[in-house]
Amino acid sequence: MDEFRGCNLDYFPENILIDVLSYLNVRELIRAGRVCKKWKRLVKDQRLWRNVDLTSWKGVSSRILWLLVRQYLGCGLRCLRLRGLLLSARGGTFLSESWLKSLSAKCPRLRKLYLLHADLRSLPSFQVLPPTLVVLELCGCELPRDFFNKTPTSHAEASSSDGAQRQRTKRKRKGAGNPLGIAIERLVLNNVPSFTDQHLQSLTSWDSLRGLVLRDTFRVTANGLRSCAAKDGIVGMEGLSMLKYLEIGITGRQGYQLQMASLGLGAGWLGLEELSLGGKEVGPGLLCSSRLKDLKSLCLWSCTLSEMQIVRSCRMLRGLRTLKFLDVIFQIRQDPPVVEGEGGDREERDNEEAIRNNTDDDNKILDMNDPIPSLRRSLAVHLPSCTLIFSNCSVQINAD
């Protein structure tokens, strides 16, 4: 016991100390680096700066960002989460073009960037972002009008636009990299009111884009989504031809005039394998889902559905392999009351109810999380190869 009483932090190996420091947030790490020279050296270890989350630090300013880039962030950074000053009374410029260039130079392995309440209207375009990004998430941000456009071309380049289009189509078929120097494969837009059909049309030049999430993007219309759908054109595939995953959902702003953008899926979308519909976009999206011939996975979330509505919409999706329900309320019609004097009909109904109860008991043994066994039986007839997944669902019984 005496030898342990004389031990201090220098007794532990540096790997153990780094594991202990990994439980501190960014603000606490910076303070810990002021204790002594050894701690300052340990705090700058890049294993502590792989996933940096600054969204909970409300006092972050451009001066602090420059401090982080110059002294702490480096080749170990993989994921960066930032919170802007869009909703702050201080205001001011948060992200600058020069800081983003320094971030690109100091952090060549940055793969994911998450921006919360950031005002990006001071940036010329998306090309100032680190070219190594694979995932870009924007939540509650403000975008300029031409943010996703490529660099303006000269008159000579514009005259050869047809040839460039043919070359881009060939690169898509061969799986070449993005000619714009951006490698983003997944773009998430959550509650970005300034995102319009023009921004969506600009994404057609992103050859690496595989997944697109549109949540509460109220200015995206059905015509805008229809014009960007992957389809056969004159010079080959047009639109978002490389897109495999698409999510559309409207859950906020009660009473807002909705555009029902998911109606644009009615034009068909070649190559789209995964679709996620949420909120008020579920109804119109299900009406057009039968046009998606390549669809393999469908997810429905935060909505109210009836069994008949699901069966009618999904029975034509013969290639569907997975059907997910997340936070869904299933509406079930209650059987009418029995009228006295209808003995024969009552006996027949009792027999049907007994058969249904026995079948339900068998289904409960197979899957205790199945809220509607009859739905699984109906879809098993039309989609025998489809797997149903229920998560946090409930049942609502409606009386006739």
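Here, residue 1 is the first one in the sequence, and each next residue gets the next number.
- L263 approaches A222 most closely through the heavy-atom pair CB-CB, 4.0 Å.
- Taking a 6.0 Å sphere around CZ of R291, one finds it holds 12 or fewer heavy atoms contributed by other residues, nucleotides or ligands.
- Taken together through direct or relayed side-chain contacts under 4.5 Å among Ile, Leu, Val, Met, Phe, Trp and Tyr, V328 and W301 form parts of separate hydrophobic clusters.
- Judged purely by atom type and a 3.5 angstrom limit, W57 has no side-chain atom pairing as donor or acceptor with the backbone of R27.
- Residues L323 and I389 fall into different hydrophobic clusters, defined by Ile, Leu, Val, Met, Phe, Trp and Tyr side chains chained together at heavy-atom separations under 4.5 Å.
- In this structure the side chain of L120 reaches within 4.5 angstrom of the side chain of L95, judged on heavy atoms.
- Looking at every heavy atom in both residues, S289 comes nearest to S313 through OG-O, 3.6 Å.
- No chain of hydrophobic side-chain contacts below 4.5 Å, direct or via other Ile, Leu, Val, Met, Phe, Trp or Tyr residues, connects L287 to L275.
- When atom types are taken as modelled, the side chain of D294 and the backbone of G271 share a donor-acceptor pair closer than 3.5 angstrom.
- Scanning both residues, Q46 and G76, for their nearest heavy atoms gives OE1-N, 3.1 Å.
- Considering only heavy atoms from C-beta on, S61 stays 4.5 Å or farther from W66 through its side chain.
- Between the CG atom of N51 and the OG atom of S22 there is a distance of 11.0 Å, given to the nearest 0.5 Å.
- E137 has a carboxylate O that lies under 4.0 Å from a charged side-chain N of K112, or vice versa, which qualifies the two as a salt bridge.
- A distance-only check finds no donor-acceptor pair linking the side chain of Q201 to the backbone of Q198 [under 3.5 Å].
- Counted within 6.0 Å of NZ on K324, heavy atoms from surrounding residues, nucleotides or ligands total 12 or fewer; the atom is thus considered open.
- Between the side chain of S306 and the main chain of Q309, a donor-acceptor pair closer than 3.5 Å is present.
- L116 and V188 sit in two unconnected hydrophobic clusters of ILVMFWY residues. Membership requires side-chain heavy atoms under 4.5 Å apart, directly or through other members.
- Within the 3.5 Å criterion, the main-chain N or O of G74 finds no donor-acceptor partner in the side chain of K106.
- Side-chain contact between K244 and L209 is absent, with no heavy-atom pair separated by less than 4.5 Å.
- Distance CG/N25 to CG/D53: 9.0 Å, rounded to 0.5 Å.
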Let's go through L189 and V220 carefully: what are the C-alpha distance in whole Å and the side-chain angles of both, what is the deciding distance for side chain to side chain contact (heavy atoms under 4.5 Å, CB included) to 0.1 Å, and is it a yes or a no?
CA-CA 11 Å; L189 299 163; V220 175; over 6 Å; no
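- Within the 4.5 Å cutoff, no side-chain heavy atoms of V135 are placed close to those of I184.
- Once rounded to the nearest 0.5 Å, the distance linking CG of L240 with SG of C228 reads 5.5 Å.
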Report the C-alpha distance between L270 and M237 in whole Å, list the side-chain angles of each, state the deciding distance to 0.1 Å, and finish with yes or no for side chain to side chain contact (heavy atoms under 4.5 Å, CB included).
CA-CA 9 Å; L270 298 179; M237 291 291 296; 4.1 Å; yes
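- When side chains are defined from C-beta on, L214 counts as touching L212, because their heavy atoms get closer than 4.5 Å.
- Side-chain polar atoms of H199 and S202 form no donor-acceptor pair below 3.5 angstrom.
- R70 places no side-chain N or O within 3.5 Å of a backbone atom of L68 that could act as its donor or acceptor partner.
- In this structure, I372 CD1 and C393 SG are separated by 8.5 Å, a value rounded to the nearest 0.5 Å.
- Surrounding CZ of R312 are at most 12 heavy atoms belonging to other residues, nucleotides or ligands under 6.0 Å away.
- Residues V52 and C79 form no side-chain contact, since every pair of their non-hydrogen atoms from C-beta on lies 4.5 Å or further apart.
- Between the side chain of K231 and the main chain of A229, a donor-acceptor pair closer than 3.5 Å is present.
- Heavy-atom minimum distance, V213 versus Y245: CG2-CE2, 3.9 Å.
- If you check the side chains of W99 and S62, you find no donor sitting under 3.5 Å from an acceptor.
- For the residue pair E307/S374, the side-chain donor-acceptor check at 3.5 Å is satisfied.
- By the 4.0 Å N-to-carboxylate-O rule, E247 lies close enough to R215 to be salt-bridged with it.
- The cationic atom of R109 (NZ for Lys, CZ for Arg) does not lie both less than 6.0 Å from the six-membered ring centre of W49 and within 45° of the ring axis.
- Note that the CG atom of L113 and the CG atom of L100 stand 8.0 Å from one another [nearest 0.5 Å].
- Side chain to side chain, T221 and N223 fail the donor-acceptor criterion of an N or O pair below 3.5 Å.
- For the pair S208 (side chain) and A183 (backbone), a donor-acceptor distance under 3.5 Å is absent.
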Worked check of side chain to side chain contact (heavy atoms under 4.5 Å, CB included) between V192 and D216
CA-CA 7 Å; V192 183; D216 292 339; over 6 Å; no
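- Of all non-hydrogen atoms in P284 and S262, the two that sit nearest each other are CG-OG, 3.3 Å.
- Contact of the R34 side chain with the I30 side chain is registered, since non-hydrogen atoms from C-beta on lie closer than 4.5 Å.
- Ring centroid separation for the pair F330 and F325 comes in under the 6.0 Å cut-off.
- I18 and V20 are members of different hydrophobic clusters when ILVMFWY side chains are connected at heavy-atom separations under 4.5 Å.
- Distance alone, capped at 3.5 Å, places no donor-acceptor pair between the D146 side chain and the N149 backbone.
- There is no side-chain donor-acceptor pair under 3.5 Å between E274 and S297.
- Of the possible donor and acceptor atoms, one in the side chain of T132 sits under 3.5 Å from a partner among the backbone N and O of L110.
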Do T55 and Y114 pass the side chain to side chain contact (heavy atoms under 4.5 Å, CB included) test, and can you show the C-alpha distance, the side-chain angles, and the key distance before you say yes or no?
CA-CA 9 Å; T55 56; Y114 173 85; 4.0 Å; yes
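- The two residues L77 and L80 come nearest to each other via the heavy atoms CD2-CB, 4.3 Å.
- Within the 4.5 Å cutoff, the side chain of L300 has no heavy atoms near those of the L326 side chain.
- How far NE2 of H117 is from CD of E142: 10.5 Å, rounded to the nearest 0.5 Å.
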Pair E14, R41 - check salt bridge (Lys or Arg N to Asp or Glu O under 4.0 Å), show working.
CA-CA 10 Å; E14 292 187 356; R41 178 173 55 84; 2.9 Å; yes
